[in-house]
Amino acid sequence: MKDYIRNSIIAVLNELGYPVKDFVIDEPKDSSFGDLSANIALVISKELKKNPREVAGNILEKLLFDESKISKSDIAGPGFLNFFVSDDFYRNELINILSNENYGKMNKNSGKTANLEWVSANPTGPLHAGHGRQVCLGKAIANLLEWTGFEVTREYYYNDAGNQMNNLAKSIKARYEQIMNPDYPFPEDGYVGEYIKEIAEKIFSDYNDKYRNSDDLGFFKSAGEQENFGKIKATLKSFGIQHDVFFNETSLYKDGNIDKLKTIFKNKNLSYEKDGATWLKMNEKKFDKDKVIVKATGEPTYRLPDMAYHIDKILRGYNLIVDIFGSDHFDTYKEVLYGVQSAGFNTDNIKVIIHQMVTFKKGNESVKMSKRSDNVYYLDDLIKDVGIDATQFFFIMRAANTHLDFDIELAKDQSDKNPVYYLQYAHARICGILRNAEENFSNINSMNVNELDTSLLINQSEINLLKTLSKFPFEVEDSAKSLEPHKLIVFLNSVAESFHKFYHNNRVLDNENPKLSFARLLICNAVKRVLKNGFCIIGINAPERM
RNA sequence: GUGCCCGUAGCUCAGCCGGAUAGAGCGUCAGCCUUCUAAGCUGAAUGUCGGUGGUUCGAAUCCACCCGGGCAUGCCA
């Protein structure tokens, strides 16, 4: 519809000899200004040295619209052109929605591939509540991409060769030794969580004292990795998340990719030796100093494998590569992309989502989640406390780029205070009506779609509801384009609101008016479909009863 | 110190590719259940859009500076 109006306006601009400039067609805040509004007259009036209202008038005079699409257009305010979309257009959209089970899904990007890398927590312990934001964001974003046609690879990258994993191994070993010798020292910066003790106990029960005083840290490392990954994957599974690829750092060494990259930097004269370490030259404008890529010990820092990993993803040929990181990785990702670019690779297809930190409130007490402390609030705990849907919803209801206050009491609340229920309740309510139709109004329920008479849908709450529903595909597209699932939640809220109003004002099932009842029943079906599809994207369930 | 993010109603936040009277939920106050789920609907009150300048016909939105909060600034990842 926007395109239709835009093209009509451009045609008139050419006809009048007016300059064709970029202009905006948007929904006005106030619906009395129509459904869509164009600011073209304001944009070009200065160049024409004419009053914007006069310019608008000249354009409007020449504009011709199909009446089944635009019922009215006028000039308002400083010179906006306002357009009123005809009700018939929205009534026809009802049939459109009903004819397509995947209404909202588009093939705009079909044939294209996308790679989404997220979670990517190293297997040093179970996921904590703070990881949840990334977990849930990624889940929704992957869905969004798929709904616009991308073939999506869900990927998890982890460092299994660095210090953090060595630390894990030492921590497990210490706990294992402590079973036999309580005085055995625990590493100063070791992982203190209970889960370390559990892993140690498991090793002890499987092998007894076989590894006592053993220097085989590799054994403890792989035991820890296996146990922790088991927990991480189980947590992800409770969200219905399954990554297609688990990419580990070690494979980059085996394939020689790390060495290759080192050579590239060396040959391009981008790296140098200092204090026994290898440094990568950084652009002085963007970075305050050069960065170490190989430590004096000979081990690469996390940067080098991260760069090699991104190069690997680029070479796999995706049309879009998306990374999700917490804001604490803001600097690293810039360094990594810089390294990839200076090695000669194009990073234009890489989009990085940075999400801000989350603070949890449980009543008045704020919940800490440091891995180094013993008092950790795990993601599993959060799910247990508030439920899977509330967890998913709360984590993505706000823009990623803003700090999130997660109110556990509110999320846990099984009442109207909880925003999740507002949406789900609309769906459950519709299901109630559909059940009622099936059980008690079979005459209406069994009518055929070609008996639908949309002209009976005349009142405002009906038309408004249809109007809202018809925006769904655009909302999906918009949300996907900016990789911002919270936008879809804002929209779904407007659907639920529109439906609740409709419900309040109109009795759906009524034997006195079977034709009208049937039309309204089909509206209910359409709302149900939009809600269900929307829920599917944002990753929450569509309950039949509540 | 430097870089980035954030600052909008009592609280949590939308809006931010400049546009018409700044929105939602919660909380507060006043109404609505003999009818398909009241986890709902209707109405009321609530604002120096952190501050000061600038650009513009027009700024919550863009620019500069300042203030407040967060994150980063590791040969941890």
Side-chain angles (χ1 to χ4, degrees), chain A residues 22 24 26 28-30 32-33 37 39 42-43 45-46 51-52 76-80 82 120-122 124 158-159 162-167 189 249 274-279 286-289 291-303 305-306 326-332 334 354-357 359 361 397-407 410 413-426 428-437 439-441 486-487 489-490 493-494 496-497 499-510 517 520-521 524 545-546:
Chain A
D22 271 353
V24 178
D26 233 337
K29 274 177 265 182
D30 187 335
S32 69
F33 291 134
S37 174
N39 67 346
L42 295 157
V43 173
S45 63
K46 196 176 184 186
N51 180 320
F80 290 101
N82 292 337
S120 294
N122 290 337
T124 56
Y158 62 101
N159 301 91
N163 247 350
Q164 294 189 353
M165 290 303 285
N166 288 334
N167 198 3
D189 53 353
E249 180 187 0
K274 193 179 89 180
D275 302 334
T278 308
W279 297 69
K286 281 189 190 162
F287 303 93
D288 42 346
K289 58 181 174 185
K291 302 286 177 180
V292 172
I293 50 174
V294 183
K295 303 179 218 172
T297 58
E299 295 172 295
T301 61
Y302 64 91
R303 294 183 188 94
D306 273 17
S327 63
D328 53 339
H329 281 59
F330 187 77
D331 283 357
T332 22
K334 284 203 297 194
I354 295 291
H355 67 83
Q356 301 299 315
M357 295 290 129
T359 40
K361 286 188 303 186
M397 70 194 283
R398 305 301 182 204
N401 208 12
T402 179
H403 301 268
L404 176 66
D405 253 31
F406 196 117
D407 187 338
L410 179 63
D413 200 342
Q414 301 268 331
S415 82
D416 56 342
K417 283 182 196 166
N418 194 326
V420 188
Y421 294 107
Y422 186 73
L423 290 183
Q424 293 188 323
Y425 179 60
R429 224 179 192 185
I430 292 167
C431 291
I433 297 170
L434 299 182
R435 276 193 300 273
N436 189 23
E439 288 159 18
N440 306 314
F441 295 83
H486 79 276
K487 286 184 176 172
I489 289 187
V490 173
N493 253 310
S494 72
E497 184 186 351
F499 171 73
H500 287 310
K501 281 181 186 167
F502 160 83
Y503 174 90
H504 190 258
N505 292 328
N506 305 286
R507 169 80 201 182
V508 175
L509 298 167
D510 175 8
S517 294
R520 288 178 175 164
L521 193 61
C524 289
R545 293 169 202 272
M546 283 171 77

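Chain A is the first sequence line, chain B the second, and so forth, proteins listed ahead of strands; every chain is numbered from 1.
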| said: Quick check: on RNA chain B, is the nucleotide nearest A/Phe441 upstream (toward 5') of the one nearest A/Leu42, or the reverse? Name the residue that is more 5'. | reply: A/Leu42
| said: Counting the atoms with a prime plus P, OP1 and OP2 as sugar-phosphate, which does A/His403 contact under 4.0 Å by heavy atoms, base, sugar-phosphate, or nothing? | reply: base
| task | Check for a donor-acceptor pair, side chain of A/Thr124 on one end and backbone N or O of A/Gln164 on the other, with a separation under 3.5 Å. | result | no
| query | If the C1' atom of B/rU35 is compared with that of B/rG40, how far apart are they to the nearest Å? | reply | 15 Å
| said: B/rG19, OP1 or OP2 - any side-chain N/O from A/Lys29 closer than 4.0 Å? | reply: no
| Of the nucleotides B/rG19, B/rA77, B/rU21, which one has an atom closest to the side chain of A/Thr332? | B/rA77
| note | Whole-Å distance, A/Arg303 CZ to B/rC76 C1', equals 10 Å
| Atom C1', compared across B/rU48 and B/rA9: separation rounded to whole Å | 13 Å
| field | salt bridge (Lys or Arg N to Asp or Glu O under 4.0 Å) between A/Glu497 and A/Lys501, intermediate numbers included | value | CA-CA 6 Å; A/Glu497 184 186 351; A/Lys501 281 181 186 167; 3.2 Å; yes
| field | Gap in Å between the two P atoms, one belonging to B/rC62 and one to B/rA24, rounded | value | 23 Å
| query | Considering all heavy atoms of both residues, which atom of A/Gly162 and which atom of A/Glu249 are nearest to each other, and what is their separation? | reply | N-OE1, 4.0 Å
| A/Asn163 side chain near B/rC76 phosphate (N/O to OP1/OP2, under 4.0 Å) | yes
| query | Taking any strand in view, what nucleotide pairs with B/rG31 in a Watson-Crick or G-U wobble way, both distances under 3.5 Å? | reply | B/rC41
| Side-chain N or O of A/Lys487 less than 4.0 angstrom from OP1 or OP2 on B/rG15? | no
| task | Nearest whole angstrom, please: distance from the C1' of B/rG25 to the CG of A/Asn493. | result | 8 Å
| message | If I pick the P atom on B/rG54 and the same atom on B/rG68, what distance separates them, to the nearest angstrom? | response | 24 Å
| Counting side-chain heavy atoms from C-beta on, which of B/rG40, B/rC4, B/rC36 comes nearest to A/Phe330? | B/rC4
| Donor-acceptor pair between A/Arg398 and A/His403 side chains, under 3.5 angstrom | no
| request: Figure out the CE/P separation between A/Met546 and B/rA38, and round it to whole Å. | output: 13 Å
| query | Contact class for A/Asn506 (heavy atom, under 4.0 Å): base, sugar-phosphate, or nothing? | reply | base
| message | Looking at B/rG19 and A/Phe80: do their rings stack (centroid distance under 5.5 Å, interplanar angle under 30°)? | response | no
| query | Between B/rA72, B/rC13, B/rC71, which one does the side chain of A/Asp405 approach most closely? | reply | B/rC13
| said: Measuring to OP1 and OP2 of B/rG15, would you say a side-chain N or O of A/His486 lies under 4.0 angstrom away? | reply: yes
| query | Nearest-Å distance, OH (A/Tyr503) to C1' (B/rU35)? | reply | 9 Å
| Across all strands, who's sitting opposite B/rG1 as a Watson-Crick or G-U wobble pair, both distances under 3.5 Å? | B/rU73
| query | Closest to the A/Asp328 side chain: B/rA72, B/rG3, B/rC13? | reply | B/rA72
| said: Let's see if you can work this out: which of B/rC71, B/rA20, B/rG3 has an atom nearest to the side-chain heavy atoms of A/Met357? | reply: B/rC71
| said: For the P atoms, the ones on B/rC63 and on B/rC16, what distance do you get once it is rounded to whole angstrom? | reply: 15 Å
| For the student: nearest non-hydrogen atoms of A/Gly298 and A/Val294, plus distance | O-CG1, 3.5 Å
| B/rA39 pyrimidine/purine six-ring stacking with A/Tyr422, under 5.5 Å and 30° | no
| said: Quick check: closest heavy atoms across A/Val43 and A/Asp22, and the distance to 0.1 Å? | reply: CG1-O, 3.7 Å
| query | If we take the C1' atom in both B/rC26 and B/rU46, what is their distance in whole Å? | reply | 14 Å
| Looking only at heavy atoms, which two atoms of A/Pro78 and A/Pro52 are closest? And how far apart? | O-CB, 3.4 Å
| Which listed nucleotide (B/rC6, B/rC71, B/rA20) is nearest to the side chain of A/Asn401? | B/rC6
| query | So which nucleotide from B/rG40, B/rG19, B/rU12 ends up closest to the side chain of A/His504? | reply | B/rG40
| Check: B/rA77 base within 3.5 Å donor-acceptor of A/Tyr302 side chain | yes
| Complementary nucleotide for B/rU52 - Watson-Crick or wobble, under 3.5 Å | B/rA64
| message | To check you understand the geometry: which heavy-atom pair defines the closest contact between A/Phe499 and A/Ala426, and what is its length? | response | CE2-O, 3.9 Å
| query | A/Asp26 has an atom CG; how far is it from atom P of B/rG18, in whole Å? | reply | 11 Å
| message | Quick check for you: among B/rG40, B/rC75, B/rG74, whose closest atom lies nearest to any side-chain atom of A/Ala277? | response | B/rC75
| Closest to the A/Val508 side chain, choosing from B/rG74, B/rC36, B/rG70 | B/rC36
| message | Counting distance alone, no hydrogens or angles: does the base of B/rA20 have a donor or acceptor under 3.5 Å from a partner atom on the side chain of A/Ser37? | response | yes
| message | How many whole angstroms separate atom NZ of A/Lys501 from atom P of B/rU42? | response | 5 Å
| request: Report the distance from atom NZ of A/Lys274 to atom P of B/rG74, rounded to the nearest whole Å. | output: 12 Å
| Considering only the C1' atoms, how many Å lie between B/rA22 and B/rG47, rounded to the nearest integer? | 9 Å
| request: With P as the reference atom in both, quote the distance from B/rA14 to B/rA77 in angstrom, rounded to an integer. | output: 33 Å
| query | Is there a donor on the side chain of A/Gln164 or the base of B/rC76 sitting less than 3.5 Å from an acceptor on the other? | reply | yes
| remark: Of A/Val43 and A/Pro419, the one whose closest nucleotide on RNA chain B sits nearer the 5' end is A/Val43
| query | What integer distance in Å separates A/Asn166:CG from B/rG74:P? | reply | 22 Å
| task | For B/rC49, measure the glycosidic angle (O4'-C1'-N9-C4 for a purine, O4'-C1'-N1-C2 for a pyrimidine) and name it syn if it falls within 90° of 0, otherwise anti. | result | anti
| query | Heavy atoms under 4.0 Å, any strand shown: does A/Leu434 hit a base, just sugar-phosphate, or nothing? | reply | nothing
| If you look at every heavy atom in A/Leu509 and A/Arg507, which pair is closest and at what distance? | O-NE, 2.7 Å
| request: With heavy atoms under 4.0 Å as the rule, sort A/His329 into base, sugar-phosphate or nothing. | output: base
| query | In the structure shown, which nucleotide is the Watson-Crick or G-U wobble counterpart of B/rA22, with both distances under 3.5 Å? | reply | none
| task | Remember a base hit wins even if backbone is also touched, and classify A/Ala399 as base, sugar-phosphate or nothing at under 4.0 Å, heavy atoms. | result | sugar-phosphate
| query | Would you say the side chains of A/Ser37 and A/Asn82 form a donor-acceptor pair under 3.5 Å? | reply | yes
| A/Asp275, nearest nucleotide to its side chain (from B/rC36, B/rG74, B/rC75) | B/rC75
| message | Quiz question: going by heavy-atom distance under 3.5 Å, is there a donor-acceptor pair between the base of B/rA20 and the side chain of A/Asn82? | response | yes
